[in-house]
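Values below: every heavy atom of this structure, side chains too, minus hydrogens, waters and symmetry copies. What you see is a predicted model, and the numbers here were worked out from it, not measured in a lab.
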Amino acid sequence: MVDAGVQRLFVTSTGKLWVGFAQSAGVAVYEAGGLIDQKLPRSPPVITNITEGPDGAIWVEWGGISNRLWRFRGGSWRLADSDTGLPQGYLMGLTPARNGRLWIPVMAPNQNGAGLAYAVPGERRFRWVGGRFDYPNLAEDGRGRIWVTDRHGTILSRDETGAAAVEKLHYPAVPGVRLPDLTFDTRGGAWGATQSNGVFRISSVGQHTTAPRKQVEHFSVRDGLSSDITKRTFVDREGDIWIATDGGLDRFRFADVHSVPVIPADPIDGIALTASRDGTVYARARRTLYRIGAGEQPKVLISDFKAEALCSAANGSIWLVQRKHIFKIDQQARRELFGTPSDSILDCAEDGLGRLWVLTGIRDAWWHDLRGWHRAALAESSTLGSGIAASSDGAAFASTGSILTVISGSRRRRIDMSRLSLGDITNVDASAGGFLISTTSGLVRVRGDKIRYLDSARYPWVKALRTIVQTPRGETWLYGAEGISRVRTADLDGAFASPGSKISRRLFDFHDGLPGGPQRQGFVGRQAVLDATGRIWLATSAGLATIDPKAINDDRPPLRVSIRSIAAGTSLYRDPTKMTLAAGTTSVTISYTAASLSAPERVQFRYRLQGVDEGWTFAGARRATTYTNLGPGTYRFQVKAANEAGEWSPSSAVLQFEIRPTFLQSWSFRALCVLGMLASLWVAHRLRTRAVARQVRARMAERHDERERIARELHDTLLQSVHALILRFQHVAEQLPVEQPARRSLEDALDGAEAVIAQGRDRVRALRPSSPADDVEKLLTDIVGAQQFRLPAVRTIESVGDRRSLSASAADEIAAIASEALSNIARHAQANRLDIAIGYGPQALTVRIRDDGVGLDPLVLREGGRDGHYGLTGMRERARKLAADIIFDNAADGGTEVTLIVPASTAFAPVPARRIRRTKGRWFGFLRARNADPRDAG
């Protein structure tokens, strides 16, 4: 479609861009980064015009004889030729008027010229009003009147109501016009292309004049146009005029700053400026003194003379300082008054007492009154660049690079700017109630004993200013290397009072017509002055220039900000508003812009990405930003723009995008990580438990080995020796007579010795480790039965879970703990019932012994035992050997409850390998059965 050639562009009231093509390609709408064909039926060879009616309908036309006009509304097309009443002929361009009418010139092949037709709102048919125009084009002015331009000129055809115009306004055509068009600018002028001879402009269209030809200006290649074959004119929303030519695209822009060619630049001595008290401006350049009255052009006042300095004086006159002489000049004459205190004078000023102050080339300050010259201060260095400014009763000047000397009456002050870290002084200007001192790094205000300053780090445009002018309109103009800036005086005072306060500023530079920058620093004196009409006159490196603050158009439309694209990885998405980016995206680049054709380099931006930026980020003139290290989530990007006047757009352009998470960034993966961490902790706990169990078993094994050794030693030495001794005593006893009392006593002693041997064997047997107990219930039953003290008559022992064999070490310790618990019940509980519960679990063995007796003393429970009694302490020590927990408590319904919890790894004997293999086999068989295909069954 694009290859067919673009013929027309039109932007609707809703912001859509319609494109008309040649080669019967029809029309399309640019949307979402691409062209969307609107399916125009029976497309003509060329689209010659696209416009929008008052009802929002789109009209498309071409210049043929048939199938000339289409109407698009509600998503459908209608050919408007057959039912609109338009006569046969060539259509010359549809023009909508603000009163709702649609105007169109029609040139019939058999007629001498073209006539006009119009349609009123609500009617489908056009009404013919006729006329004789030679290839006309229509345009509506700011008042709603219809103008016609053709090869013979431009006339007012219809008034605001659509009736024939009563006023006879006609402006002649420029020579050689072929097919003119017409466009009105924002200042009441009209511009027209000619197709053959450049472009014409009619200034102040509609004003009665006796010389209308003088109002028609002509611009051609000789004036800078890219070509004399001009096609169309266009006025953008900022008031700039664009001309499409065969050679390119040209722009006309209304300049706020105007050069004054009568007064050229003076590269040797520079241009010196001053304004008298009545607002008359005086300028010295190239050995000539000019006088510029209010609203007048510069006039030569004195020629062929050399003046060192100019400054204003009382009664509308000025001081003119030459090398040896000082003159006072007014509108009537030039009078020589007295000589100078030095051969070299840099600057002068008159204070409120009428005294003349001068600054010499060696930086001496002098003042003159009726008694003659008086030296006010001696030079401290030969600093160049800054002048002298007078106040009501004194003056201020730079005596060194950074030292400001202020003289007020008989008082003299020295202010060291270096303490403020603002660099050297570049100029001194008088201000209301004090002075404004410009430095290389800031701006200082001195009022009495109060000093306030602005630094260039926060306000970059205040550095190295050459002159400051404050106007009755409440504006302060600051002239420096960037150009001349305008701020509100109240804002400037507010910033002095509260540093960091916002100052709205507008810059005027070469884009606005400023012919050059300030003169070089060696030219001392005022570089800008204010005249009686409020205009500001500027001495520049390219000559004199002037700016009229009252004529500046500050009514700028707010900028329309748009987001052009977002780039993520290798993908680029144009004109995005809401979108989803690929999973794993971590970096995006967002491009944005604002529709400002007048001064795009002055447009400033600020943006923020909600969820990332805490506040707005000032981007300056940058039109793209990049964010990195983004994670998954939804983001909202906003951007605003400020025009050259510093006014921010009321609304921001918004882009909402979502970054989907990868699997590693998803919640499911996080849940798996949590589960994995928990599993790791469980495995670590299991490994730790097993390690502790191994340590316990190792210690128990060492203990059992030691017991076995002791048992062997007792059996093989002590018991055997005692047994041998008993046999010997037995032999002796048998030799004694039966009736002898000694034999009876000896036999009784032998019986006691045998009992001791029996007890010794029992102790040796106890020292040897027991074999694993296959039944914990039987072990505890045997312990209950072996108690020497009386236990409650009602006894129960219950087991829960799959029974497992105890390890030998655990069985001994459990038996000892149970024996002590049962012994305490028998001796102290006064119980009628005893309940023992055994729980076999996968993680632990639980043994709970409970009675219904008197329970434990709360003090014993709190303290963990009673002084001099070690039963409970011994039970705890045995439990620690097993890495077990033991709990002593009183039951809610009375009695004592002792709970022993032994880890399975410590309590139970290791499972034989055969059993493990059997268990694994059962599990594998279960899994195979579960995963088997049901169709394979049977």
Side-chain angles (χ1 to χ4, degrees), residues 5-11 20 22 48-49 92-93 95 134-139 141 147-155 170-205 211-261 508-516 542-543 545 551 553 595-602 644:
V6 176
Q7 295 295 309
R8 278 291 181 268
L9 298 174
F10 180 78
V11 179
T48 57
N49 192 34
M92 308 298 292
T95 302
D134 192 2
Y135 290 95
N137 194 290
L138 307 184
D141 66 12
W147 293 75
V148 180
T149 185
D150 66 0
R151 293 178 174 179
H152 304 289
T154 302
I155 66 168
H170 178 268
Y171 300 93
V174 297
V177 174
R178 290 183 56 204
L179 297 172
D181 82 330
L182 193 66
T183 302
F184 283 88
D185 61 33
T186 57
R187 304 194 181 193
W191 297 74
T194 63
Q195 291 276 356
S196 57
N197 190 18
V199 63
F200 65 88
R201 175 178 181 259
I202 306 173
S203 60
S204 303
V205 175
R213 182 174 294 276
K214 293 184 178 180
Q215 291 184 255
V216 180
E217 300 175 80
H218 177 235
F219 302 95
S220 65
V221 173
R222 291 175 297 178
D223 301 298
L225 275 181
S226 57
S227 173
D228 282 339
I229 303 177
T230 53
K231 301 290 188 178
R232 288 183 66 87
T233 56
F234 172 76
V235 178
D236 64 26
R237 58 198 300 267
E238 295 173 296
D240 291 352
I241 298 92
W242 297 82
I243 313 296
T245 76
D246 267 2
L249 189 62
D250 299 340
R251 182 182 72 171
F252 286 81
R253 184 183 184 196
F254 291 103
D256 293 309
V257 184
H258 303 276
S259 297
V260 183
F508 299 85
D509 58 12
F510 68 94
H511 295 95
D512 305 282
L514 189 64
N553 179 22
S596 175
L597 301 176
S598 179
E601 64 283 344
R602 294 182 182 172
E644 57 184 320

Results of salt bridge (charged side-chain N to carboxylate O under 4.0 Å, His left out) for R178 - residues two or more places apart only: none

Residues forming a side chain to side chain donor-acceptor pair (under 3.5 Å) with D236, sequence neighbours excluded: W242

Atom pair OG1 (T48) and CD (Q7), whose distance is rounded to the nearest 0.5 Å: 9.0 Å

Ignoring hydrogens and angles, tell me if any N or O in the side chain of R251 forms a donor-acceptor pair with the backbone of L597 under 3.5 Å. yes

To the nearest 0.5 angstrom, please state how far the OG atom of S203 sits from the CD atom of E217. 5.5 Å

Does F219 have its ring centroid less than 6.0 Å away from the ring centroid of F252? yes

S596 and E238: CA distance, side-chain angles, deciding distance, side chain to side chain donor-acceptor pair (under 3.5 Å) verdict: CA-CA 7 Å; S596 175; E238 295 173 296; 2.9 Å; yes

Taking side chain to side chain donor-acceptor pair (under 3.5 Å) as the definition, give me every residue that meets it alongside S259, ordered by chain and number, with sequence neighbours left out. none

Between L182 and W147, is the side-chain contact (heavy atoms from CB on, under 4.5 Å) condition met? List the steps. CA-CA 8 Å; L182 193 66; W147 293 75; 3.9 Å; yes

Please, which pairs that meet salt bridge (charged side-chain N to carboxylate O under 4.0 Å, His left out) have at least one residue in residues 218-232, sequence neighbours excluded? K231-D246

Which one of I241, D240, N553 satisfies the side-chain contact (heavy atoms from CB on, under 4.5 Å) criterion with F254? I241

Test of understanding: with side chain to side chain donor-acceptor pair (under 3.5 Å), list the residues that count as partners of T233, not counting sequence neighbours. D181, T183

Which atom pair, heavy atoms only, marks the closest approach of V174 to T194? CG2-CG2, 3.9 Å

Rounded distance [0.5 Å steps], CD1 in I202 versus OH in Y171: 6.5 Å

According to side chain to side chain donor-acceptor pair (under 3.5 Å), who are the partners of D185, at least two apart in sequence or on a separate chain? W191

